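First up is the structure itself, then whatever we jot down about it.
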Amino acid sequence: MGVFFFVFALFVGLIVLVANRSQARRHEIESLKASLQALAALTESLRQDMNELKQKVSVSGGYAATEPEKELSARAEAAPVAEMFQQPSGPLEQMAMPLDSQPQTYVRQDKPPHPATEAISQPKPQPGRAVPTHTLESILGKNVLSLAAAVLIFAGLVFLGTLVYRYLTDTVKIVALFAISVVLTGLGLALIERRLSAFSQSMLGTGCGSFFISIVLTHLYFNRLSDVAAYAMLVVWLTGCLYLARRYRALTLSVVAHIGMAVSIVMAYGWGLSDQKLLLLLIYQAVAMAVVVVGNLLVFPLTQRASLLASLLLVLITSTIMARTFMSSPLAGSLAPFATTLPTGAIAAAFGFQFLGATGLAILVSRYRQLAENGVLRAVQIFAGQVLWLALLAIDVLVPVYRLAVYHRGSAEMAGWRYLPEAIQLAALATAILTGILLLLAFASWFYIRSRSQTPYGDLASFSVLFLTGSAALLLILYWTEAVASGLVPVRLTGLVLLAVMLYGARFFSSRRVYQIGANTLLGLDLAFMLFDGFPSLVLHANIAWAFVYLAALIGLVWGQWLLFDRPSQRRFENWIRLAVWLGLDFSLISIVLATNWTHKVPIVLMILTGLSIVLQFSSYDRPHSGRVFLPTCMTVANHLLLAVSSIAIAFSGKDRTAALLYGLLSLLSFVLAFGRIRESLSLHGKGLSGILVGIKLTLLVLATVQGQTNWFDQAYLLSVISMLTALVSVVLGFLGQHKLLRFYGLLLTLACVLKLVTIDVNNLNTALRVVALIGGGLICFVISAMYTYAARKIDAQARIRLNR
């Protein structure tokens, strides 16, 4: 016991040291403020005296008065002559001279005259050497040594008690404890009445702390006080400490009161929690915390912020002790949800009482009148209170509701269970999470209403709403994870879209863009979960139509919030919105189709994506009002990749009738996608590589279609002939669009095919086929040559024009 008291005394002494140092700093700041106010008043008085002096000198007509002639004539007409020549009175009587004794002289002034109201220049005082108000010696002598004396005296008394402890009876020990407490408290009151100092506060704090230890030891160790009497005395002790702290403005006593409250409640729950004492402990906790909180708010506001956060932390500690005590038994095989002989409603009410108290404290923490002045400290205070409230939500609400739901669904068979069925676990989890989400939304609504009333720190209220909504989203994701792992729920939707809709509503009614950002984030998360599991579950266990309805709702929310909240002149994110909708639509369609049980999924996916690209292309979707090239470039690259994948699929797919039909339709759609804007591509008049891309796409699509729909390429010469035909078309398009690179591509492809035809292809052909192949290739070359001969003059003229430039 002696070692415990010594350690406790050292702990109290350190806290008292910190409290007294902060108190001394506060008194020092207050004295400096008073000195600055006195100096400002003295400066104002001197300024008024100086203005009066200037007015009297200007009226006296002395040498200092140099007014313009108009102003002098106006004064002469307005005032009698006797008043103009009247002698001044007051302290300037010896300085002023009558006007008639001064000859009228005219003095040339190189500089303009100073106005009469200008301040008379005074010699600047030389700055003296600053004298420190508190030296290191005074700090050590007044504050540190006083606290050390208090700690040593307290520790000495503790060791003295351990020395004579075995020679005293319990009654004498109790009387000695309270007598020492009375002596120390009285000595501290006597000293603090004479002079408020660090030593007097330390002595008074030591006496009050001794009273607390005396009450606790008398109750727990000597068992001379009943629970009701001990808790009543501790409440009176708390009230007395706060009263003395208010009367003497002593921060030390407030700190001692907070420590005593926390220690007494934790000791009461940790050492004496039982079924019989639960109600008494709850009442004592409520009364003690109410005394401290209300006392800080109304009596001693210096520690009100710390008292609120400390009270929240204390509720978290006591709730944890309650949860460990009453939820220690597993649910499977038990006859009740809680390990206690008390009724289930009483334990549930106890946890509910703790949570209601925590909610009230969290609301007080976020009240702007109790917030810190510094912005960072204010944010830390609010979010610390919310984090503690979330922890209490889990301990006092989610866990008890889960256990009650499990017990309610399986109370008839609970005694025979060795493990909980997965269905009951998931249902109980859903009940607990739904309850938690409703409480989170209610608490977030309170912050939202506060921000709507235009109170200070509305931005922090907005971030609080987002923080609590994010916590609700985390609970939804937790349930989604469990539902996916169990496989008991066929259609697994996260529900994040509902939270996003609520934030969109908050954005509409409050005009705060931060709500829109949060809603878009939740909407993106919901789409990500839908791609992996949501759309497939809708397709497999509901209907594919519901998947498309859900997808249309998501796209409608994206476009609706953008058109509703972003003004036409401020739509800076149009490219990103279009890109997000396009990518989300593409990946969603892929997810929906792949989740079906269709036989030919690949051609259907490619047909849907190609058709969507055609619609977006002809609707100028890639041409936003902002005019940036980021979105058109992305869509162009994606379309070319889609054409490449479609060409490979068309060329090397299966040859059954249904597949041939589907790939034929895909080929047709691919030609529309590739050449839907051919006029635009050819209108560049030789600029860029668009012409070469047109020729390559034409060649690949033609070859892929022929390969997929026929077996012609078993004869190698047909590949060369068909490629030469595509080269001929490329040359024709190059002439029509005046695109040099496209014509050049056709020429190169023709020469390559001719070389292949005469060196490789004809070797394995009979005479008739050789004649047909060579004549056909020759005719194609002749047509191309004729076109070049016809257009040679025009091509040469264009070349000369380019050279002359």
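Index from 1, following the sequence. None of the values given here were measured: they were computed from a predicted structure. Heavy-atom basis, side chains included; hydrogens, waters and symmetry copies ignored.
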Considering all heavy atoms of both residues, which atom of [X] and which atom of [Y] are nearest to each other, and what is their separation?
X      : Y      : result
Ala257 : Leu238 : O-CD2, 3.3 Å
Leu460 : Ala379 : CD2-CB, 3.8 Å
Tyr248 : Leu204 : CD1-CD2, 4.4 Å
Val465 : Ala444 : CG2-O, 3.4 Å
Trp237 : Cys208 : NE1-O, 2.8 Å
Asp227 : Leu280 : CB-CD2, 3.3 Å

Original post:
Between the side chains of Ser264 and Tyr284, is a donor N or O closer than 3.5 angstrom to an acceptor N or O?
Top reply: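 Yes, because at least one side-chain N or O of Ser264 sits under 3.5 Å from a partner of the opposite role on Tyr284.
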So do the side chains of [X] and [Y] get within less than 4.5 Å of each other, counting heavy atoms only?
X      : Y      : result
Val216 : Val263 : no
Met261 : Leu314 : yes
Met322 : Ile347 : no
Leu234 : His219 : no
Leu468 : Leu390 : yes
Phe353 : Gln285 : no
Phe212 : Cys241 : no
Ile317 : Ile265 : no

Can you tell me how far the [atom1] atom of [X] sits from the [atom2] atom of [Y], to the nearest 0.5 Å?
X      : Y      : atom1 : atom2 : value
Arg247 : Leu189 : CZ    : CG    : 8.0 Å
Phe447 : Leu466 : CZ    : CG    : 12.0 Å
Leu36  : Thr43  : CG    : OG1   : 10.5 Å
Thr218 : Ile174 : OG1   : CD1   : 4.5 Å
Leu316 : Ile395 : CG    : CD1   : 5.0 Å
Leu217 : Ser210 : CG    : OG    : 10.5 Å

Subject >> Thr171 and Arg224: CA distance, side-chain angles, deciding distance, side-chain contact (heavy atoms from CB on, under 4.5 Å) verdict >> reply: CA-CA 9 Å; Thr171 304; Arg224 295 295 182 89; 3.4 Å; yes
**OP:** Could you tell me whether a side-chain N or O of Thr318 sits under 3.5 Å from a main-chain N or O of Val315, the two making a donor and an acceptor?
**Re:**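 A pair under 3.5 Å: yes.
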Original post:
Any donor-acceptor pair under 3.5 Å linking the side chain of Ser366 with the backbone of Ile382?
Top reply: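 Absent.
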**OP:** Evaluate the side-chain contact (heavy atoms from CB on, under 4.5 Å) criterion for residues Leu476 and Leu499: first the C-alpha distance (whole Å), next the side-chain angles of each, then the deciding distance (0.1 Å), finally the verdict.
**Re:** CA-CA 10 Å; Leu476 288 174; Leu499 298 179; 3.7 Å; yes
**OP:** Using the ring pair (Phe, Tyr, Trp, His ring centres under 6.0 Å) rule, collect all pairs that involve residues 379-401, keeping only residues at least two apart or in two chains.
**Re:**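 Pairs touching residues 379-401 that pass the test: Phe355-Trp389, Phe383-Phe467, Trp389-Phe443.
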**OP:** Evaluate the criterion side-chain contact (heavy atoms from CB on, under 4.5 Å) for residue pair Thr359 and Leu439; output intermediate values, then yes/no.
**Re:** CA-CA 10 Å; Thr359 304; Leu439 292 174; over 6 Å; no
Subject >> Steps toward side-chain contact (heavy atoms from CB on, under 4.5 Å) verdict (Leu177, Ile213) >> reply: CA-CA 8 Å; Leu177 285 174; Ile213 293 176; 5.5 Å; no
